[in-house]
Amino acid sequence: MLYLHFYVCQIIFYEERNFQGRSYETSGDCAELTSYLSRCNSCRVDSGCFMVYDRSNFMGNQYFLRRGEYSDYQRMGMTDSIRSCRMIPQHHGPFRMRIYERENFGGQMHEVMEDCDSFMERYRMSEIQSCHVMDGHWLMYDQPHYRGRMMYLRPGEYRSFRDMGMNSMQRFNSMRRIMDSCN
């Protein structure tokens, strides 16, 4: 007899800090939280990993959340409340990405299969303006050593980070694989 175990991700959003006020629970992507809550100032991740965004439709500043309690978004460095969220599926297998110094996959290219704490030190690349994620889910950071603002990348082609609304980020300087089991 074959048993299948289904892993369910779950996040609960609250209107007020410290898990107060009305709440909304989801196990998947939500492009517009204000359809359910007037604002969102705290949340609890019961299982899984999520990216939360301070603008609708998965835009704006992004924050990576794993299982835990987040009682006040302002402590996370957010200036506004959460407006949308994306569930990050578990990935079992290899991680692979090609990074390019120019838009539309131009210029110097490197294939990456592991975390990189400084693009400048490892690859002598001062800028990364496009990439192709072949396998896995990744976080890109605007500062070396996995610090600063971040951007979530899932498998696909990213021809121009500027066209994705990331023009306020000066450049990407480090990246890491999302390997968390996020249980």
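Numbers here are sequence positions counted from 1.
- Ring orientation note: the planes of Phe161 and Phe172 are nearly perpendicular, at an angle over 60° on the 30°/60° scale.
- For the pair Ser42 (side chain) and Phe19 (backbone), a donor-acceptor distance under 3.5 Å is present.
- Using modelled atom types, one side-chain atom of Glu101 and one backbone atom of Gln108 make a donor-acceptor pair closer than 3.5 Å.
- Using bins of under 30°, 30° to 60° and over 60° for the plane-to-plane angle, the ring pair Tyr141/Tyr146 lands in the perpendicular bin.
- Hydrophobic clustering of Ile, Leu, Val, Met, Phe, Trp and Tyr side chains at less than 4.5 Å, counting indirect connections, unites Met175 with Met179.
- Separation of atoms CD1 (Ile11) and OG1 (Thr26) is listed at 8.5 Å; rounding is to 0.5 Å.
- Annotation for Ser27 and Cys9: closest pair CB-O, 2.8 Å, computed over non-hydrogen atoms.
- Contact of the Leu153 side chain with the Met151 side chain is registered, since non-hydrogen atoms from C-beta on lie closer than 4.5 Å.
- Residues Met51 and Tyr63 form no side-chain contact, since every pair of their non-hydrogen atoms from C-beta on lies 4.5 Å or further apart.
- Between Arg83 and Arg55 the shortest heavy-atom distance is CB-C, 3.3 Å.
- Checked by atom type and distance alone, the side chain of Asp54 never pairs as donor or acceptor with a backbone atom of Gly60 at under 3.5 Å.
- Looking at Arg96 and Glu111, a side-chain N of the basic residue comes within less than 4.0 Å of a carboxylate O on the acidic one, giving a salt bridge.
- Taken together through direct or relayed side-chain contacts under 4.5 Å among Ile, Leu, Val, Met, Phe, Trp and Tyr, Met140 and Phe95 form part of one hydrophobic cluster.
- With hydrogens and angles disregarded, no donor-acceptor distance shorter than 3.5 Å links the side chain of Glu157 to the backbone of Cys131.
- You'll find the side chain of Tyr24 reaches within 4.5 Å of the side chain of Leu33, heavy atoms only.
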- Message: Using the rule given for side-chain contact (heavy atoms from CB on, under 4.5 Å), can you reason through Arg159 versus Gln129, listing the C-alpha separation, both sets of side-chain angles and the distance that settles it, and then say yes or no?
- Response: CA-CA 8 Å; Arg159 294 184 171 279; Gln129 295 183 9; over 6 Å; no

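- You'll find the side chain of Ser174 stays beyond 4.5 Å of the side chain of Gln143, heavy atoms only.
- Between the CE atom of Met109 and the CD1 atom of Ile128 there is a distance of 12.5 Å, given to the nearest 0.5 Å.
- Both Val52 and Met87 belong to a common hydrophobic cluster when Ile, Leu, Val, Met, Phe, Trp and Tyr are linked at side-chain heavy-atom distances under 4.5 angstrom.
- Looking at heavy atoms from C-beta onward, Tyr73 lies in side-chain contact with Cys43 at the 4.5 angstrom threshold.
- Looking at residues two or more places apart in sequence or on another chain, you find a side chain to side chain donor-acceptor pair (under 3.5 Å) between Asp29 and Arg86.
- Closest approach of Ser160 and Ser130 over heavy atoms only: N-CB, 4.4 Å.
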- Message: Evaluate Glu114 against Arg122 for salt bridge (Lys or Arg N to Asp or Glu O under 4.0 Å), listing each step before the verdict.
- Response: CA-CA 12 Å; Glu114 58 189 30; Arg122 184 173 297 170; 3.7 Å; yes

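- One distance of note links SG of Cys30 with CG of Leu37; it measures 8.5 Å at 0.5 Å rounding.
- With sequence neighbours excluded, the residues forming a side chain to side chain donor-acceptor pair (under 3.5 Å) with Arg44 are Tyr14, Glu69, listed by chain and number.
- Listed here is the closest heavy atom pair of Ser84 and Met59: OG-N, 4.3 Å.
- With contacts defined as side-chain heavy-atom distances shorter than 4.5 Å, the pair Tyr152/Leu139 qualifies.
- For the pair Pro144/Phe119, no side-chain contact is recorded, criterion being any heavy-atom separation below 4.5 Å from C-beta on.
- The two residues Met97 and Val133 make their nearest non-hydrogen contact at CE-CG2, 3.8 Å.
- Side-chain contact between Cys85 and Phe13 is present, with heavy atoms from C-beta onward closer than 4.5 Å.
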- Item | Intermediate values then yes/no, salt bridge (Lys or Arg N to Asp or Glu O under 4.0 Å), Arg149 and Asp142 | CA-CA 6 Å; Arg149 294 178 54 196; Asp142 69 346; 5.1 Å; no

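- Taking every heavy atom of both residues into account, Ser118 and Glu121 meet most closely at OG-N, 3.2 Å.
- With values rounded to the nearest 0.5 angstrom, Ser81 atom OG is found 5.5 Å from Asn41 atom CG.
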- side-chain contact (heavy atoms from CB on, under 4.5 Å) between His137 and Arg177, worked out: CA-CA 6 Å; His137 299 264; Arg177 300 162 291 171; over 6 Å; no

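- A salt bridge links Asp72 to Arg17: one of the charged nitrogens lies within less than 4.0 Å of a carboxylate oxygen.
- Placement of Tyr70 and Tyr36 within a single hydrophobic cluster is found when ILVMFWY residues are connected by side-chain heavy-atom separations under 4.5 Å, directly or transitively.
- The aromatic rings of His132 and Phe105 sit tilted relative to each other, their planes meeting at an angle between 30° and 60°.
- Met125 and Tyr100 fall into different hydrophobic clusters, defined by Ile, Leu, Val, Met, Phe, Trp and Tyr side-chain heavy atoms under 4.5 Å apart, directly or through other members.
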- Message: side-chain hydrogen bond (donor to acceptor under 3.5 Å, both in side chains) for Ser38 and Glu15? Distances and angles first, verdict last.
- Response: CA-CA 7 Å; Ser38 61; Glu15 284 187 328; 2.9 Å; yes

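- Arg66 contributes atom CZ, which lies 9.0 Å from atom CD1 of Ile178 (distance to the nearest 0.5 angstrom).
- Side-chain atoms of Arg67 come within 3.5 Å of backbone atoms of Asp46 as a donor-acceptor pair (strictly under, hydrogens ignored).
- With sequence neighbours left out, Thr34 forms a side chain to side chain donor-acceptor pair (under 3.5 Å) with Glu32.
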